[in-house]
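Predicted model, so just to flag it, every value in this text is computed and none were measured.
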Amino acid sequence: MELLFNILRVLHILGGFVALFVFWVPIFTKKGGKLHHLFGWIYVYGMIVVAISAFYMGFFRIFIDPLATDEVISFSWFLIFISILSSASAYYGLRVLRFKNRKKSHTNPLDLAYPGLLLTSGIGISIYGFVQHIPLLSWFPILGIVLGITHLFYWLQKPKRKMHWWFEHFAGMLACCISTLTAFIVFGAPRLLNVESVSIILWFLPTIVITPLIIGLGIYYNRKFNKPKNSRV
């Protein structure tokens, strides 16, 4: 079990670095273009490795490792939540493209179960964080709660907005980026800098920066797609 843990830890680091290095390419390249498509999938595959390895490592420390301290267990719960948040967001970002032409509500069990898991795990981890007096675990899962509710509403409602799938795709993938950067700041950066931890403000920096970006892109594309045909602006 320890050998498997070490192998997955190496894969987790490699997948994480791949995701960190390529996630910006789909954001700034032509949407739907070759680079966007290629690096988008590279990012997704990197995050699949990260999510699976993170879930196992968190599970191992909590339920199998007899030497795990309370602090290790607490951050292992965060690791599990990050794996759910990242995988659910990336999965959502892909599935909205798969069903972009839908005209009615969507009730695929897996597409509803994933945001349901994100919602319930966010609630559970947040409660755990408040009980243990851990700010990161108390407040960060609120992002998962909001996203879980948002994803469920999107699937269960009949599409009303033009190019609705476009908005949901970039929102899902950018939410996945939040989890990527947050996990790096919490776990990766302290090890690279050889410090015990970084400021709690930095923990929430990806959410603080990328959330307005999602909102701003939503406003931009909403105006673009709904611009009058005879407008020259």
Check: Stepwise, does the side-chain contact (heavy atoms from CB on, under 4.5 Å) test hold for Leu202 with Val186?
Finding: CA-CA 8 Å; Leu202 292 178; Val186 173; over 6 Å; no
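- At least one side-chain heavy atom of Tyr43 sits under 4.5 Å from a side-chain heavy atom of Thr180.
- Proximity of a side-chain donor or acceptor of Lys31 to a complementary backbone N or O of Ile27 within less than 3.5 Å is detected.
- Within a 6.0 Å radius of NZ in Lys162, other residues, nucleotides and ligands contribute 12 heavy atoms or fewer.
- Of all heavy-atom pairs between Pro115 and His151, the closest is CB-CB, 3.6 Å.
- A continuous path of Ile, Leu, Val, Met, Phe, Trp and Tyr side chains, each step under 4.5 Å between heavy atoms, connects Leu174 with Phe28, placing both in one hydrophobic cluster.
- Two rings, from Phe130 and Trp139, have their centers less than 6.0 Å apart.
- The distance from the CZ atom of Phe75 to the CD1 atom of Ile82 is 11.5 Å, given to the nearest 0.5 Å.
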Next item on the list: List the steps and the verdict of ring pair (Phe, Tyr, Trp, His ring centres under 6.0 Å) for Phe140 and Phe78.
Entry: CA-CA 9 Å; Phe140 184 75; Phe78 177 72; 5.7 Å; yes
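- Between Pro141 and Gly122 the shortest heavy-atom distance is CB-O, 3.3 Å.
- Partners of Asn222 by side chain to side chain contact (heavy atoms under 4.5 Å, CB included), not counting sequence neighbours, listed by chain and number: Arg161, Phe167, Asn226.
- Follow the hydrophobic side-chain contacts under 4.5 Å out from Met47 and you never reach Leu14; the two are in separate clusters.
- Panel note: side chain His12, backbone Val50; a donor-acceptor pair is recorded below 3.5 Å.
- Once rounded to the nearest 0.5 Å, the distance linking CZ of Phe63 with OG of Ser76 reads 10.0 Å.
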Note to self: Between Val44 and Trp41, is the side-chain contact (heavy atoms from CB on, under 4.5 Å) condition met? List the steps.
What the structure shows: CA-CA 5 Å; Val44 168; Trp41 276 109; 4.1 Å; yes
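- Between Ser126 and Leu137, every side-chain heavy-atom pair lies at or beyond the 4.5 Å cut-off.
- The hydrophobic cluster containing Ile215 also includes Ile219, under a criterion of side-chain heavy atoms closer than 4.5 Å among ILVMFWY residues, counted directly or through chains of members.
- Checking each of Ile149, Leu143, Ile142 against Val146 for a side-chain contact (heavy atoms from CB on, under 4.5 Å) leaves exactly one that passes, namely Ile142.
- Val49 approaches Ser53 most closely through the heavy-atom pair O-OG, 2.7 Å.
- Ile208 meets the side chain to side chain contact (heavy atoms under 4.5 Å, CB included) test with Phe204; sequence neighbours excluded.
- Using cut-offs of 30° and 60° for the angle between ring planes, the Tyr154 and His164 rings count as tilted.
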Check: Hey, mind stepping through Leu147 and Ser89 against side-chain contact (heavy atoms from CB on, under 4.5 Å) and telling me if it holds?
Finding: CA-CA 8 Å; Leu147 290 176; Ser89 299; 4.0 Å; yes
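- Of all heavy-atom pairs spanning Tyr114 and Ile84, the tightest one is CE2-O, 4.4 Å.
- Pairing each heavy atom of Leu112 with each of Leu152, the nearest pair is O-CD2, 3.5 Å.
- Panel note: side chain Tyr45, backbone Gly15; no donor-acceptor pair is recorded below 3.5 Å.
- Taking 4.5 Å as the limit, some side-chain heavy atom of Ile178 sits within range of a side-chain heavy atom of Thr211.
- Linking ILVMFWY side-chain heavy atoms closer than 4.5 Å, directly or via other members, places Phe225 and Leu97 in a single hydrophobic cluster.
- Rounded to the nearest 0.5 angstrom, Leu94 CG and His169 NE2 are separated by 7.0 Å.
- Aromatic rings of Trp77 and Phe81 (six-membered ring for Trp) have centroids beyond the 6.0 Å cut-off, not under it.
- Within a 6.0 Å radius of CH2 in Trp165, other residues, nucleotides and ligands contribute more than 12 heavy atoms.
- Residues satisfying the side chain to side chain contact (heavy atoms under 4.5 Å, CB included) criterion with Phe99, sequence neighbours excluded, are Arg95, Arg102, His106, Asp111, Trp155.
- Connection of Leu35 to Ile42 is established within a shared hydrophobic cluster, with ILVMFWY side chains joined at heavy-atom distances below 4.5 Å, either directly or through further cluster members.
- Side-chain heavy atoms closer than 4.5 Å link hydrophobic residues (I, L, V, M, F, W, Y) into clusters, and following such links, possibly through other members, connects Phe153 to Leu117.
- Going from atom CD of Gln132 over to atom CD1 of Ile127 covers 12.5 Å, rounded to the nearest 0.5 Å.
- Evaluation of the side chain to side chain donor-acceptor pair (under 3.5 Å) rule for Thr182 yields no partner, not counting sequence neighbours.
- With sequence neighbours excluded, the residues that form a side chain to side chain donor-acceptor pair (under 3.5 Å) with Asp65 are Arg61.
- Under 3.5 Å, the side chains of Tyr56 and Ser83 contain no donor-acceptor pair of N or O atoms.
- Considering every non-hydrogen atom in both Ser179 and Leu85, the closest pair reads CB-CD2, 3.8 Å.
- Side chain of Ser121 to main chain of Leu118: a donor-acceptor pair is present (N/O by atom type, distance under 3.5 Å, no hydrogens or angles).
- Residues Ser138 and Tyr128 have side chains that never bring a donor and an acceptor to within less than 3.5 angstrom of each other.
- Ile80 contributes atom CD1, which lies 7.0 Å from atom CD1 of Ile125 (distance to the nearest 0.5 angstrom).
- For an aromatic pair to be called close, the ring centres must be under 6.0 Å apart, and Trp166 with Tyr221 satisfies this.
- Two residues are said to be in side-chain contact when any heavy atoms from C-beta on lie closer than 4.5 Å; Lys158 and Lys103 fail this criterion.
- The CD1 atom of Ile214 sits 11.5 Å away from the CE atom of Met173 when rounded to the nearest 0.5 Å.
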